[in-house]
S.K.: 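Right, I'll just put the structure down here and ask away after.
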Amino acid sequence: MAKQFSHRIRVRFSDCDPQNVLFYANHLEYFDVAITELWREATESYDAMTEGGVDIVVAEAGIRYLSPVRFDAEVDVTVEITRLGKTGMSSRLAISEGDNLRSEGELRHVFIRAGSSEKLPIPERIRAGLETYLTAQP
């Protein structure tokens, strides 16, 4: 069974639109924060990865907005790794407030040589850390 990952964020005023609702683009920002925290827990630091010559880039992003998130709410952003390919990974993310799902989405990342756009195989040390969170096999 895959290990679950969740990161809690309190919605800041500056993250909201004039209606005091989390601005739509900031759902993706929260996804990015959660991926960064997952990375920190599962593998090495991002700096260590790039210093080792590896980087990741977002190749695809999708999101569904289900209900508003308001200023000062505490939300949990969950991440599941759904695919680890040769040079890329896919993840499913969700923002929930209590038992209420507010948005859900998918991200696809590609591993590249740091400082370029040349695709690289996922390094084994990173793959091993991420496999712990893998919920579906390719």
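Note that the coordinates shown come from a computational prediction; the quantities given were computed from them, not determined experimentally.
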S.K.: Going from CD1 on Ile81 to OG1 on Thr132, what distance comes out if it is rounded to the nearest 0.5 angstrom?
M.R.: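 These two atoms lie 10.0 Å from each other.
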
S.K.: If I take atom NZ from residue Lys86 and atom CG from residue Leu120, how far apart are they, to the nearest 0.5 angstrom?
M.R.: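 Interatomic distance, Lys86 NZ to Leu120 CG, rounded to 0.5 Å: 10.5 Å.
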
S.K.: Would you sort out whether Leu22 and His27 count as a side-chain contact (heavy atoms from CB on, under 4.5 Å), showing the intermediate values?
M.R.: CA-CA 7 Å; Leu22 181 63; His27 288 250; 3.7 Å; yes

S.K.: Could you pull out all residues at least two apart from Lys3 that satisfy salt bridge (Lys or Arg N to Asp or Glu O under 4.0 Å)?
M.R.: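 Lys3: salt bridge (Lys or Arg N to Asp or Glu O under 4.0 Å) contacts with Glu41.
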
S.K.: Tell me, please, which residues at least two apart from Ser96 pass side-chain contact (heavy atoms from CB on, under 4.5 Å).
M.R.: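 For Ser96, the residues satisfying side-chain contact (heavy atoms from CB on, under 4.5 Å) (neighbours in sequence not counted) are Leu101.
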
S.K.: Checking the side chain of Ser90 only, and the main-chain atoms of Thr82 only, is there a donor and an acceptor separated by less than 3.5 Å?
M.R.: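 Pair absent, no side-chain N/O of Ser90 close to backbone of Thr82.
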
S.K.: Let me check something: do Phe23 and Leu28 share a hydrophobic cluster, defined by ILVMFWY side-chain heavy atoms less than 4.5 Å apart, either directly or through other members?
M.R.: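 Looking at the clustering, Leu28 is in the same group as Phe23.
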
S.K.: At their closest point, which heavy atom of Val11 faces which heavy atom of Cys16, and how far apart are they?
M.R.: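 In terms of heavy atoms, the two residues are closest at CG1-SG, 3.6 Å.
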
S.K.: Just to verify, what does Glu131 make a salt bridge (Lys or Arg N to Asp or Glu O under 4.0 Å) with, not counting sequence neighbours?
M.R.: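 For Glu131, no residue satisfies salt bridge (Lys or Arg N to Asp or Glu O under 4.0 Å) once neighbours in sequence are set aside.
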
S.K.: Decide whether Ile9 and Val21 are clustered together by the hydrophobic rule: side chain heavy atoms of Ile, Leu, Val, Met, Phe, Trp, Tyr closer than 4.5 Å, transitively.
M.R.: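 In one cluster with Ile9: Val21, no.
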
S.K.: List the residues meeting side-chain contact (heavy atoms from CB on, under 4.5 Å) with Asp76, not counting sequence neighbours, and say none if there are none.
M.R.: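 Applying side-chain contact (heavy atoms from CB on, under 4.5 Å) to Asp76 gives Ser6, Arg8.
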
S.K.: After noting the C-alpha distance and the side-chain angles of Phe111 and Met89, does the key distance pass the side-chain contact (heavy atoms from CB on, under 4.5 Å) rule?
M.R.: CA-CA 8 Å; Phe111 288 75; Met89 66 178 248; 4.1 Å; yes

S.K.: How long is the gap from NE2 on His7 to CD1 on Ile95, to the nearest 0.5 Å?
M.R.: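 Result: 11.0 Å between the selected atoms.
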
S.K.: Closest heavy-atom contact between Tyr133 and Gln4?
M.R.: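 Taking every non-hydrogen atom into account, CE2-O, 4.1 Å.
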
S.K.: If you take all heavy atoms of Ala2 and Thr135, which pair is closest and at what distance?
M.R.: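 So the two residues come closest at CB-CG2, 3.6 Å.
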
S.K.: What distance do Ser14 atom OG and Asn26 atom CG have between them, rounded to the nearest 0.5 Å?
M.R.: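 Reported value, rounded in 0.5 Å steps: 8.0 Å.
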
S.K.: Measure the CE-CD distance between Met49 and Glu44 for me, rounded to the nearest 0.5 Å.
M.R.: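 Met49 atom CE to Glu44 atom CD measures 7.0 Å (nearest 0.5 Å).
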
S.K.: Side-chain polar contacts of residues 51-72 - donor-acceptor pairs under 3.5 angstrom, sequence neighbours left out - could you list them?
M.R.:
residue: Asp55; atom: OD1; partner: Tyr46; partner atom: OH; Å: 2.3
residue: Asp55; atom: OD2; partner: Tyr46; partner atom: OH; Å: 3.4
residue: Glu60; atom: OE1; partner: Arg108; partner atom: NE; Å: 3.2
residue: Arg64; atom: NE; partner: Glu104; partner atom: OE2; Å: 3.3
residue: Arg64; atom: NH2; partner: Glu106; partner atom: OE2; Å: 2.5
residue: Tyr65; atom: OH; partner: Tyr24; partner atom: O; Å: 3.0
residue: Ser67; atom: OG; partner: Arg102; partner atom: NH1; Å: 2.8
residue: Asp72; atom: OD1; partner: Arg10; partner atom: NH1; Å: 3.4

S.K.: Supply the atom-to-atom distance Leu134 CG to Arg83 CZ, rounded to the nearest 0.5 angstrom.
M.R.: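 Atom-to-atom, Leu134:CG and Arg83:CZ are 10.5 Å apart.
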
S.K.: Using atom types as modelled, flag every donor-acceptor pair under 3.5 Å from a side chain in residues 31-38 to any protein atom, sequence neighbours excluded.
M.R.:
residue: Thr36; atom: OG1; partner: Asp32; partner atom: O; Å: 2.9
residue: Glu37; atom: OE1; partner: Arg40; partner atom: NH1; Å: 2.9
residue: Glu37; atom: OE2; partner: Arg40; partner atom: NH1; Å: 2.7

S.K.: Let me check something: do Ile112 and Trp39 share a hydrophobic cluster, defined by ILVMFWY side-chain heavy atoms less than 4.5 Å apart, either directly or through other members?
M.R.: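 Ile112 and Trp39: separate clusters.
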
